[in-house]
Structures are given as C-alpha cells and as structure tokens.
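Since we're looking at a predicted model, the values are computed, not measured. Start at 1 and go down the list; that is how both ligands and their atoms are numbered.
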Amino acid sequence: MEERLADLHVHTFYSDSTFSPEEVIEKAKEMNLSAVAICDHDCVDGIGPSIKAAENSGIEIIPGVELTVGMNDVEIHVLGYFVDWKAGWFKDRLKVIQDSRVERIYKMTALLKEQGIDISPDDVFKISGKGTVARPHVAMAMLKAKKIRTLDEAFRLYIGDSKPCYVGHARFSAQEAMEIILKSGGVPVLAHPRVMGKDEFIPELKKYGLRGIEVYHADQKGAVAKKYLNIAEHFGLLATGGSDCHGLGKSRILMGTVTVPYSFVEKLKEESLKIRNERKTV
Ligand code: AMP
Ligand code: ZN
Ligand code: FE
Ligand code: FE
C-alpha cells in the first residue's frame, strides 16, 4: 500500500490564503494527500467549511489554528492541533485578536495615506472577506489600486516589519497561547522556528506546555530540518511538518510539497487524548 501522507500546515481564505476550502481539497487530491491540517491565523472559521468540502473525498481534515504570539517583543507563531474549534469560549479568545487586527487596518491605511497611498479600510476588508484580516490583504489592496507593482514591494517599502506603515496588533503571550490550546484539548506546536530564529525560547515554551516543533516546513529543508529534528528529540517534543500553503499568496502553491507520514497524525491524536485526559483528572 502507498504510504499515507499529511500536510500539517495549510491556510484558507478565512485567513490570508487565496484558496477557498474547496480549492484546498482540490489541490490536496491532486497532491494525493490523506490528511490536511487547516491552521488559519487566529481563526477557526475555515474548519467547518473545509470538513464539508472534504466529504466523500477520502481526505481527513485536522482541525488546527496558528496563533500569533508575542514573546520578549518578538512575534512567534504557535500551532494548535485538534483544538476544540466549536467551543464558544475558544472562539471568543480568538475574537480579541481578530478585532485588534481590524482596528490596525484603520491605522495602517491612515499611515499609508500619509505616504501618498490612498486605499480605504473597506478596500482591504473587501479583499480579506471572512475571518482574519492580515497584511497580505493590505498588500493586495495596494496592488489592486495600482499603488505598487508587486506584493513584495508593499512589504519592502511600506508594511513589512519596522517599515513606516507597519502597525502591530494584539497578540497572545506565550503562556496564554499554551493555556488556550491545552484547555481546548489541542496540542501546542512551535511553528517554523527558523523563521523566528529564537531557538533559545524553546525551553521556556516547553515549560508553558509546548508539545512539539514544526520540523519540516517550506523554509526548513535538508540540514535545517535535521537540526530541528535533533532539537525536538533533545527536548522530548513531537515533530510535525507542513507546507504553510497560502494558495497563490506566496510565490507558488506549496500544498503537498512538505509532507509527513500519517503516523505523525496518529501521534498528535494520542497527544491530544492525553491532554484531554489530564484535564479531566485535575
Ligand atoms: P500579519 O499577520 O497581518 O502581520 O501578516 C503576516 C503575514 O504577512 C505572514 O503570514 C506572511 O504571509 C506575510 N508576510 C510577512 N512579511 C512578508 C514579506 N516580506 N513579503 C511577503 N509576505 C510577507
Ligand atoms: Zn499567513
Ligand atoms: Fe506562521
Ligand atoms: Fe502559517
């Protein structure tokens, strides 16, 4: 039998991917994936529609989320696998971040105006649609209004970290993020550690309840992945992996280009059960 493969980091247009849940499933079929984890930024609204789109496809949807976390003034991303995405309290916690993301669009468009780039908050919201609004939507609005030539230009000149029109948004603390994910029965996993470049945070994150590290990622291949596999083993953390596909939002469609064997999914399921059982006994 062919080995079953999973891509454990995929976005939908409920955050900043250009793909609808239906497009995610279509691509997953094309790439012969058995399981796909939907991990939108600070949002779980895409999970239900993805499960629906996957009906009769033979593809398993793993409910996930990618939380934005501030730690020592650095932004890191924490994935949560098998979170209780239907729980009202869980969605309420995410809503605080989502509302702050909306607020920041008003500030960013005002700063852009000062730079001679006149786009309205509504131009951005029309593009972001449902779920989380993020900087790529601002870049797309700028492109649509022909204020820039490429999306990259928007980040390079205006909205990239520390550029003149960058505005931050509310983030979870590392401790809060772990608590929220664990309380919802989810498995907290550090996303793409190479991108954040703060490996020294890992012991503290583990103290707060971190259970895994995203070892395999579109930006972590070969020797880099090996390094993070060693780190995961050293700290007794699970290894995960996924493409971080944003549809057409990155230079190419990444889904299925980074995969892990289905046994990784089974380990995450076991860990989630363990977390849920531990919660019952406290
Ligand atoms: P936000 O969460 O709203 O701060 O936006 C972060 C998202 O913007 C990331 O997930 C990336 O997809 C995208 N992004 C950040 N920096 C860049 C960049 N320099 N070029 C293109 N996309 C970027
Ligand atoms: Zn994103
Ligand atoms: Fe991320
Ligand atoms: Fe991501």
Side-chain angles (χ1 to χ4, degrees), residues 7-19 24 37-46 64-71 73-81 94 97-109 111-112 121 124-125 127-129 131-143 148-172 177 188-198 212-220 228 240-255 258:
D7 183 336
L8 296 178
H9 190 155
V10 171
H11 292 267
T12 72
F13 66 16
Y14 286 85
S15 64
D16 55 355
S17 168
T18 61
F19 276 2
V24 166
I38 301 296
C39 300
D40 278 316
H41 300 284
D42 307 313
C43 176
V44 287
D45 298 351
V65 70
E66 183 173 16
L67 298 186
T68 315
V69 172
M71 189 168 173
D73 288 328
V74 178
E75 179 171 315
I76 62 170
H77 292 176
V78 177
L79 298 158
Y81 291 107
L94 299 182
I97 309 290
Q98 284 172 9
D99 289 350
S100 160
R101 283 176 165 279
V102 167
E103 204 48 48
R104 144 220 226 203
I105 298 303
Y106 287 89
K107 294 180 187 154
M108 284 178 76
T109 49
L111 288 171
L112 282 164
V124 179
F125 300 140
I127 290 171
S128 66
T132 296
V133 58
R135 276 183 286 163
H137 301 124
V138 178
M140 286 179 218
M142 290 164 76
L143 192 65
I148 45 165
R149 278 161 302 175
T150 62
L151 294 174
D152 177 61
E153 198 177 309
F155 283 91
R156 209 161 20 86
L157 300 179
Y158 303 102
I159 61 170
D161 300 354
S162 75
K163 298 297 171 191
C165 306
Y166 173 80
V167 177
H169 60 81
R171 308 188 282 215
F172 294 109
V189 171
L190 180 62
H192 44 63
R194 184 209 192 166
V195 178
M196 88 189 198
K198 295 282 174 198
I213 295 182
E214 188 173 50
V215 167
Y216 307 97
H217 182 270
D219 299 322
Q220 292 172 194
Y228 285 109
T240 72
S243 66
D244 207 356
C245 179
H246 280 66
L248 302 169
K250 288 191 176 173
S251 53
R252 63 195 182 94
I253 300 170
L254 293 170
M255 211 193 319
V258 181

Original post:
Should you measure from each heavy atom of D16, which atoms of ligand 1 turn up under 4.0 Å away?
Top reply: 7 (C), 10 (O), 12 (O)
**OP:** Quick one: look up the protein heavy atom nearest atom 4 (O) of ligand 1 and list residue, atom name and how far away it is.
**Re:** R135 NE, 2.9 Å
Original post:
Mind checking whether M255 and F19 have side chains closer than 4.5 Å, heavy atoms only?
Top reply: yes
Subject >> Closest approach of D244 to E66 (non-hydrogen atoms, all atoms of both residues) >> reply: OD1-OE1, 4.3 Å
**OP:** Check whether any side-chain heavy atom of V65 lies under 4.5 Å from a side-chain heavy atom of D40, and answer yes or no.
**Re:** no
**OP:** Check whether any protein heavy atom sits under 4.0 Å from atom 23 (C) of ligand 1.
**Re:** yes
Original post:
Do V133 and V124 come close enough that some side-chain heavy atom pair is under 4.5 Å?
Top reply: yes
Original post:
What is the ring orientation for H41 with H77, classed by angle as parallel under 30°, tilted 30 to 60°, or perpendicular over 60°?
Top reply: perpendicular
Subject >> Y158 side chain near I148 side chain, heavy-atom distance below 4.5 Å >> reply: yes
Original post:
Nearest heavy-atom pair of V69 and A177: which atoms, and what distance?
Top reply: CG2-CB, 3.5 Å
Original post:
Would you say T18's side chain and G247's backbone share a donor-acceptor pair under 3.5 angstrom?
Top reply: no
Original post:
Under the 3.5 angstrom rule, does the side chain of R171 hit a backbone N or O of T68 as a donor-acceptor pair?
Top reply: no
**OP:** State whether the side chain of Y81 and the backbone N or O of A37 hold a donor-acceptor pair below 3.5 Å, judged by distance alone.
**Re:** no
Original post:
For ligand 1, is any non-hydrogen atom under 4.0 Å from K250's backbone (N, CA, C, O), its side chain (CB onward), both, or neither?
Top reply: neither
Original post:
Can R104 be said to touch ligand 1, with heavy atoms closer than 4.0 Å?
Top reply: yes
Original post:
Is P136 in contact with ligand 1, taking contact as a heavy-atom separation below 4.0 Å?
Top reply: yes
Subject >> Close-contact set for ligand 1 against A134 heavy atoms, below 4.0 Å >> reply: 3 (O)
Subject >> Identified side chain to side chain donor-acceptor pair (under 3.5 Å) counterpart of D42 within the set H169, Q98, R101 >> reply: R101
Original post:
Side chains of L94 and L67: does their closest heavy-atom pair fall under 4.5 Å?
Top reply: yes
Original post:
Tell me, which protein N/O/S atoms are under 2.8 Å away from the Zn ion (ligand 2)?
Top reply: D16 OD1, D16 OD2, H41 NE2, H246 NE2
**OP:** Specify the closest pair of heavy atoms between D7 and G242, including all atoms of both residues, with the distance to one decimal.
**Re:** OD1-CA, 3.3 Å
Subject >> Polar atom proximity, R101 to ligand 1 (N or O, under 3.5 Å) >> reply: yes
Original post:
By number and element, which atoms of ligand 1 are closer than 4.0 Å to a non-hydrogen atom of H41?
Top reply: 10 (O)
Subject >> Closest approach of any protein heavy atom to atom 19 (N) of ligand 1, naming residue and atom >> reply: F155 CB, 3.5 Å
Original post:
Are side-chain N/O atoms of H246 and D16 paired as donor and acceptor at under 3.5 Å?
Top reply: yes
Original post:
Which N, O or S atoms belonging to the protein are less than 2.8 Å from the Fe ion (ligand 3)?
Top reply: E66 OE2, H77 ND1, H192 NE2
